[in-house]
Amino acid sequence: MTTTRMTRYDRSMLRLMNDRRGWPLHATAARRRSVVAAHVVLTAAIVALVGHFCLSRAEPTWAAVVVAVLILPWMVATGVINSATRGLLELRERALDERQLAERSRVLARAHRLMTCLLAGAVVGLLAAGAAGGDALRVYSAPALAAVLVVHWLMPLWVAGLTAQDEPAEDEAVTL
Amino acid sequence: MSEQVHNRLAMVRAERKVSRQSLAEAVGAHYQTIGYIERGQYNPSLDLALKIAKFFDLPVEALFSLEPFRPLTDEVYGRKQS
(Lines give C-alpha, C1' and ligand atoms only; values in the text may rest on other atoms or scores of the structure.)
Protein backbone atom coordinates (compact mmCIF):
# COMPACT_ATOMS: atom_id res chain seq x y z
CA MET A 1 0.00 0.00 0.00
CA THR A 2 1.17 3.53 -0.61
CA THR A 3 2.11 5.92 2.15
CA THR A 4 -0.99 8.07 1.49
CA ARG A 5 -3.47 7.63 4.32
CA MET A 6 -6.46 5.47 3.53
CA THR A 7 -9.93 6.81 4.24
CA ARG A 8 -12.62 4.90 6.10
CA TYR A 9 -14.16 4.09 2.71
CA ASP A 10 -10.82 2.68 1.48
CA ARG A 11 -10.50 0.48 4.55
CA SER A 12 -14.05 -0.83 4.31
CA MET A 13 -13.63 -1.58 0.59
CA LEU A 14 -10.30 -3.27 1.30
CA ARG A 15 -11.97 -5.48 3.92
CA LEU A 16 -14.84 -6.25 1.56
CA MET A 17 -12.58 -7.14 -1.37
CA ASN A 18 -10.43 -9.37 0.84
CA ASP A 19 -13.33 -11.13 2.52
CA ARG A 20 -12.45 -14.81 2.36
CA ARG A 21 -16.03 -16.10 2.53
CA GLY A 22 -16.35 -16.03 -1.26
CA TRP A 23 -13.02 -17.80 -1.76
CA PRO A 24 -14.46 -21.24 -2.70
CA LEU A 25 -16.27 -19.62 -5.64
CA HIS A 26 -13.02 -18.55 -7.30
CA ALA A 27 -10.40 -20.81 -5.75
CA THR A 28 -9.31 -22.45 -9.02
CA ALA A 29 -8.59 -21.14 -12.51
CA ALA A 30 -11.44 -23.27 -13.91
CA ARG A 31 -13.95 -21.69 -11.52
CA ARG A 32 -12.71 -18.19 -12.34
CA ARG A 33 -13.03 -18.93 -16.06
CA SER A 34 -16.58 -20.21 -15.52
CA VAL A 35 -17.59 -17.09 -13.60
CA VAL A 36 -16.10 -14.80 -16.27
CA ALA A 37 -17.84 -16.82 -19.01
CA ALA A 38 -21.15 -16.54 -17.14
CA HIS A 39 -20.59 -12.80 -16.71
CA VAL A 40 -19.91 -12.38 -20.45
CA VAL A 41 -23.06 -14.35 -21.35
CA LEU A 42 -25.21 -12.41 -18.86
CA THR A 43 -23.81 -9.10 -20.13
CA ALA A 44 -24.51 -10.09 -23.74
CA ALA A 45 -28.05 -11.12 -22.84
CA ILE A 46 -28.72 -7.89 -20.94
CA VAL A 47 -27.28 -5.72 -23.73
CA ALA A 48 -29.30 -7.64 -26.35
CA LEU A 49 -32.49 -7.27 -24.33
CA VAL A 50 -31.92 -3.56 -23.69
CA GLY A 51 -31.21 -3.15 -27.41
CA HIS A 52 -34.43 -4.96 -28.22
CA PHE A 53 -36.24 -2.81 -25.65
CA CYS A 54 -34.96 0.36 -27.31
CA LEU A 55 -35.42 -0.72 -30.95
CA SER A 56 -38.68 -2.60 -30.75
CA ARG A 57 -41.78 -0.66 -31.64
CA ALA A 58 -44.01 -3.06 -29.75
CA GLU A 59 -44.50 -2.88 -25.98
CA PRO A 60 -41.51 -5.00 -24.82
CA THR A 61 -42.49 -5.30 -21.14
CA TRP A 62 -41.20 -8.88 -21.00
CA ALA A 63 -37.72 -7.66 -22.00
CA ALA A 64 -37.64 -5.23 -19.07
CA VAL A 65 -38.72 -8.01 -16.68
CA VAL A 66 -36.05 -10.42 -17.97
CA VAL A 67 -33.38 -7.69 -17.69
CA ALA A 68 -34.45 -7.04 -14.09
CA VAL A 69 -34.14 -10.78 -13.36
CA LEU A 70 -30.74 -11.11 -15.07
CA ILE A 71 -29.24 -8.10 -13.30
CA LEU A 72 -29.10 -9.97 -9.97
CA PRO A 73 -26.88 -12.90 -11.10
CA TRP A 74 -24.84 -10.39 -13.13
CA MET A 75 -24.16 -8.43 -9.94
CA VAL A 76 -23.23 -11.61 -8.07
CA ALA A 77 -20.82 -12.61 -10.86
CA THR A 78 -19.31 -9.11 -10.81
CA GLY A 79 -18.76 -9.45 -7.07
CA VAL A 80 -17.14 -12.87 -7.44
CA ILE A 81 -14.71 -11.57 -10.10
CA ASN A 82 -13.85 -8.58 -7.93
CA SER A 83 -13.30 -10.91 -5.00
CA ALA A 84 -11.08 -13.17 -7.14
CA THR A 85 -8.90 -10.20 -8.06
CA ARG A 86 -8.97 -8.84 -4.48
CA GLY A 87 -10.42 -5.57 -5.77
CA LEU A 88 -7.64 -4.97 -8.27
CA LEU A 89 -9.82 -2.61 -10.30
CA GLU A 90 -12.25 -1.46 -7.62
CA LEU A 91 -9.88 -0.30 -4.91
CA ARG A 92 -8.23 3.08 -5.03
CA GLU A 93 -4.52 3.24 -5.84
CA ARG A 94 -3.61 3.99 -2.22
CA ALA A 95 -5.23 0.74 -1.09
CA LEU A 96 -3.09 -1.39 -3.42
CA ASP A 97 0.52 -2.46 -2.99
CA GLU A 98 3.29 -2.32 -5.61
CA ARG A 99 2.54 -5.79 -7.05
CA GLN A 100 -1.16 -5.04 -7.35
CA LEU A 101 -0.47 -1.68 -9.03
CA ALA A 102 1.83 -3.40 -11.54
CA GLU A 103 -0.81 -6.09 -12.08
CA ARG A 104 -3.51 -3.47 -12.61
CA SER A 105 -1.34 -1.73 -15.22
CA ARG A 106 -0.84 -5.05 -17.02
CA VAL A 107 -4.56 -5.82 -16.98
CA LEU A 108 -5.50 -2.36 -18.28
CA ALA A 109 -2.88 -2.56 -21.04
CA ARG A 110 -4.14 -5.99 -22.16
CA ALA A 111 -7.77 -4.83 -22.05
CA HIS A 112 -6.81 -1.78 -24.10
CA ARG A 113 -5.20 -3.97 -26.78
CA LEU A 114 -8.27 -6.22 -26.94
CA MET A 115 -10.58 -3.22 -27.15
CA THR A 116 -8.56 -1.75 -30.02
CA CYS A 117 -9.13 -5.00 -31.97
CA LEU A 118 -12.82 -5.04 -31.07
CA LEU A 119 -13.31 -1.41 -32.08
CA ALA A 120 -11.54 -2.05 -35.37
CA GLY A 121 -13.87 -5.02 -35.95
CA ALA A 122 -16.93 -2.91 -35.11
CA VAL A 123 -15.84 -0.12 -37.51
CA VAL A 124 -15.17 -2.60 -40.31
CA GLY A 125 -18.53 -4.31 -39.67
CA LEU A 126 -20.45 -1.03 -39.71
CA LEU A 127 -18.64 0.20 -42.82
CA ALA A 128 -19.39 -3.10 -44.54
CA ALA A 129 -23.05 -2.81 -43.54
CA GLY A 130 -23.10 0.75 -44.90
CA ALA A 131 -21.47 -0.30 -48.17
CA ALA A 132 -24.04 -3.08 -48.60
CA GLY A 133 -26.73 -0.42 -48.85
CA GLY A 134 -30.07 -0.15 -47.09
CA ASP A 135 -30.47 1.52 -43.74
CA ALA A 136 -28.47 -1.08 -41.75
CA LEU A 137 -25.83 1.50 -40.86
CA ARG A 138 -28.45 3.93 -39.52
CA VAL A 139 -30.29 1.22 -37.58
CA TYR A 140 -27.31 -0.64 -36.09
CA SER A 141 -24.85 2.22 -35.39
CA ALA A 142 -26.33 3.21 -32.04
CA PRO A 143 -26.78 -0.35 -30.66
CA ALA A 144 -23.28 -1.33 -31.84
CA LEU A 145 -21.82 1.77 -30.20
CA ALA A 146 -23.70 1.01 -26.97
CA ALA A 147 -22.53 -2.63 -27.01
CA VAL A 148 -18.91 -1.59 -27.60
CA LEU A 149 -19.19 0.94 -24.77
CA VAL A 150 -20.37 -1.80 -22.37
CA VAL A 151 -17.55 -4.11 -23.46
CA HIS A 152 -15.07 -1.25 -23.06
CA TRP A 153 -16.33 -0.77 -19.51
CA LEU A 154 -16.18 -4.47 -18.59
CA MET A 155 -13.16 -5.74 -20.54
CA PRO A 156 -10.65 -4.90 -17.75
CA LEU A 157 -12.81 -6.85 -15.26
CA TRP A 158 -12.91 -9.90 -17.56
CA VAL A 159 -9.18 -9.74 -18.23
CA ALA A 160 -8.47 -9.37 -14.50
CA GLY A 161 -10.72 -12.34 -13.71
CA LEU A 162 -9.05 -14.53 -16.32
CA THR A 163 -5.49 -13.59 -15.36
CA ALA A 164 -5.95 -13.83 -11.57
CA GLN A 165 -3.64 -16.44 -10.07
CA ASP A 166 -4.28 -19.10 -7.47
CA GLU A 167 -3.83 -17.98 -3.90
CA PRO A 168 -0.52 -19.18 -2.41
CA ALA A 169 -1.29 -21.69 0.35
CA GLU A 170 -0.19 -20.56 3.82
CA ASP A 171 1.35 -23.93 4.65
CA GLU A 172 3.26 -24.40 1.39
CA ALA A 173 6.37 -26.52 1.79
CA VAL A 174 9.38 -24.39 2.60
CA THR A 175 12.06 -24.92 -0.02
CA LEU A 176 15.54 -24.35 1.29
CA MET B 1 13.35 -7.32 -17.10
CA SER B 2 12.39 -10.67 -15.61
CA GLU B 3 15.61 -11.49 -13.74
CA GLN B 4 14.91 -14.16 -11.14
CA VAL B 5 15.58 -12.99 -7.60
CA HIS B 6 16.03 -15.90 -5.22
CA ASN B 7 14.86 -15.55 -1.65
CA ARG B 8 14.70 -17.31 1.68
CA LEU B 9 11.62 -15.53 2.84
CA ALA B 10 9.46 -18.64 3.36
CA MET B 11 12.18 -20.30 5.44
CA VAL B 12 12.89 -17.26 7.59
CA ARG B 13 9.20 -16.57 8.06
CA ALA B 14 8.58 -20.17 9.14
CA GLU B 15 11.56 -20.08 11.47
CA ARG B 16 10.35 -16.87 13.13
CA LYS B 17 6.74 -18.15 13.16
CA VAL B 18 5.42 -15.09 11.38
CA SER B 19 2.26 -15.39 9.28
CA ARG B 20 2.07 -13.90 5.80
CA GLN B 21 -0.71 -11.63 7.01
CA SER B 22 1.29 -10.13 9.87
CA LEU B 23 4.41 -9.70 7.71
CA ALA B 24 2.30 -8.09 5.00
CA GLU B 25 0.73 -5.68 7.49
CA ALA B 26 4.14 -4.79 8.92
CA VAL B 27 5.65 -3.93 5.54
CA GLY B 28 2.54 -2.38 3.97
CA ALA B 29 1.94 -5.06 1.35
CA HIS B 30 -0.88 -7.44 0.51
CA TYR B 31 -0.56 -10.92 2.03
CA GLN B 32 -0.78 -12.45 -1.44
CA THR B 33 2.26 -10.40 -2.47
CA ILE B 34 4.30 -12.09 0.27
CA GLY B 35 3.15 -15.46 -1.08
CA TYR B 36 4.06 -14.56 -4.65
CA ILE B 37 7.51 -13.39 -3.52
CA GLU B 38 8.03 -16.69 -1.69
CA ARG B 39 7.00 -18.65 -4.79
CA GLY B 40 9.36 -16.58 -6.96
CA GLN B 41 6.45 -15.22 -8.98
CA TYR B 42 7.09 -11.63 -8.02
CA ASN B 43 10.33 -9.77 -7.44
CA PRO B 44 9.90 -7.10 -4.77
CA SER B 45 11.11 -3.54 -5.25
CA LEU B 46 14.20 -2.48 -3.33
CA ASP B 47 11.93 -0.53 -1.00
CA LEU B 48 9.84 -3.59 -0.14
CA ALA B 49 12.87 -5.89 0.10
CA LEU B 50 14.52 -3.49 2.56
CA LYS B 51 11.33 -3.23 4.62
CA ILE B 52 11.10 -7.04 4.83
CA ALA B 53 14.78 -7.29 5.80
CA LYS B 54 14.28 -4.62 8.46
CA PHE B 55 11.26 -6.46 9.83
CA PHE B 56 13.37 -9.60 10.36
CA ASP B 57 16.37 -7.52 11.49
CA LEU B 58 18.52 -9.15 8.82
CA PRO B 59 20.69 -7.73 6.04
CA VAL B 60 18.81 -7.73 2.74
CA GLU B 61 21.34 -10.12 1.18
CA ALA B 62 20.42 -12.71 3.81
CA LEU B 63 16.93 -12.82 2.32
CA PHE B 64 17.35 -11.95 -1.35
CA SER B 65 20.01 -12.90 -3.87
CA LEU B 66 20.54 -12.96 -7.62
CA GLU B 67 22.28 -16.34 -7.19
CA PRO B 68 20.48 -19.41 -5.79
CA PHE B 69 21.04 -19.79 -2.04
CA ARG B 70 23.16 -22.69 -0.84
CA PRO B 71 21.31 -25.15 1.40
CA LEU B 72 21.35 -23.86 4.95
CA THR B 73 22.99 -27.01 6.32
CA ASP B 74 25.87 -26.49 3.90
CA GLU B 75 26.31 -22.95 5.14
CA VAL B 76 26.12 -23.97 8.80
CA TYR B 77 28.35 -27.03 8.56
CA GLY B 78 30.64 -25.62 5.92
CA ARG B 79 30.38 -28.23 3.20
CA LYS B 80 32.03 -26.90 0.08
CA GLN B 81 29.96 -26.40 -3.06
CA SER B 82 30.72 -28.96 -5.78
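Below, chain A is the first sequence line, B the second, and so on; all start at residue 1. All values reported here derive from a predicted model rather than from experimental measurement.
No continuous path of ILVMFWY side-chain contacts below 4.5 Å connects A/I46 to A/V69, so the two sit in separate hydrophobic clusters. Residues A/V41 and A/V66 do not share a hydrophobic cluster, clusters being chains of Ile/Leu/Val/Met/Phe/Trp/Tyr side chains in contact below 4.5 Å. When hydrophobic clusters are built by joining Ile, Leu, Val, Met, Phe, Trp and Tyr residues whose side-chain heavy atoms come closer than 4.5 Å, directly or via intermediates, A/L89 is grouped together with A/M75. In the hydrophobic clustering of this structure, B/V5 groups with B/L9; members are Ile, Leu, Val, Met, Phe, Trp, Tyr whose side-chain heavy atoms approach within less than 4.5 Å, directly or through other members.
Interatomic distance, A/N18 CG to B/Q21 CD, rounded to the nearest 0.5 Å: 8.0 Å. Rounding to the nearest 0.5 Å places OG1 of A/T85 at 9.5 Å from CD of B/Q32. Taking NE2 from B/H30 and CG from A/L96, the interatomic distance works out to 8.5 Å, rounded to the nearest 0.5 Å.
For the side chain to side chain donor-acceptor pair (under 3.5 Å) with B/Y42, the qualifying choice from A/E98, A/Q165, A/R99, A/E103 is A/E98, the only one to do so.
With sequence neighbours excluded, the residues that form a side-chain contact (heavy atoms from CB on, under 4.5 Å) with A/A129 are A/A136.
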Pairs under 3.5 angstrom only: tabulate donor-acceptor contacts from the side chains of residues 116-127 of chain A to other protein residues two or more places apart or in another chain.
residue	atom	partner	partner atom	Å
A/T116	OG1	A/H112	O	2.8

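Side-chain heavy-atom separations under 4.5 angstrom define the hydrophobic clusters, and B/Y31 shares its cluster with no other residue.
Heavy atoms of other residues, nucleotides or ligands lying less than 6.0 angstrom from CZ of A/R110 number 12 at most.
Scanning residues 137-151 of chain A against chain B with a 4.5 Å non-hydrogen threshold yields no residues.
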